[in-house]
Amino acid sequence: MKEVKIESVFQVYETILETPEEVQELMERAVEARQKAYAPYSQFHVGVALFLDNNQVVTGSNQENASYPSGLCAERTAIYYAGAQYPNAKILKMAITAASQLKPTLSPIPPCGACRQAISEYEIRQKTPIEMYFMGESGKVVRSHSLSNLLPLIFDKSQL
Ligand code: THU
């Protein structure tokens, strides 16, 4: 038996104003997207903005459904839209913001496990890391240099 240690490193910014200007602009687009969330059941609004290597910004928000599992997270709404509209573009940066309508959301909200798996497909396919930034409605912002940094021991097509 041997033990394997996997390390993840993140950067934590005190506020969005500490991040590079292009990240502030991308997060602003994510905030706008968040305001378009359809989340009448959870009251938890999530917005995502993607910066692509063709200079386009694609946004998404969570879209819920009375049949709960039929809804979709903001991250997957955004990446599937990007994949459908710009199949050859690489996703370089992803900004995520979330705000509950029921209580303040002041800590950074990372993508859920299912979204990490979905985003990993794109990162592996494009062979370029997706730089991720996530925050609540305000406050600290966490940066991960890639999706794989967020999802150790990933399951991917090489295992099929
Ligand atoms: N949600 C997202 O959009 N992204 C995540 O990574 C976490 C959860 C949405 C799904 C659902 O509409 C609501 O937030 C509560 O889970």
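As the structure lists them, so they are numbered: ligands from 1, and atoms in each ligand from 1. Treat the numbers as computed from the prediction; the structure is a model and nothing was measured.
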Could you pull out the N/O contacts under 3.5 angstrom between ligand 1 and the surrounding protein atoms?
from	atom 1	to	atom 2	distance (Å)
ligand 1	3 (O)	Ala74	N	2.9
ligand 1	4 (N)	Glu75	OE1	2.8
ligand 1	6 (O)	Glu75	OE1	3.4
ligand 1	6 (O)	Glu75	OE2	3.0
ligand 1	6 (O)	Cys112	N	2.9
ligand 1	12 (O)	Asn62	ND2	2.9
ligand 1	12 (O)	Glu64	OE2	2.5

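Remark: Arg125 qualifies as a cation-pi partner of Tyr122 under the 6.0 Å distance and 45° angle criteria applied to the six-membered ring.
A side-chain donor-acceptor contact under 3.5 Å links Ser158 and Asp156.
Side chains of Glu137 and Arg34 form a contact here, defined as non-hydrogen atoms less than 4.5 Å apart.
Annotation: ring pair (Phe, Tyr, Trp, His ring centres under 6.0 Å) contacts of Phe155 (sequence neighbours excluded): none.
Taking every heavy atom of both residues into account, Gln24 and Leu17 meet most closely at NE2-O, 3.2 Å.
The residue from Leu26, Ile79, Thr59, Ile130 that alone fulfils the side-chain contact (heavy atoms from CB on, under 4.5 Å) condition with Leu50 is Ile79.
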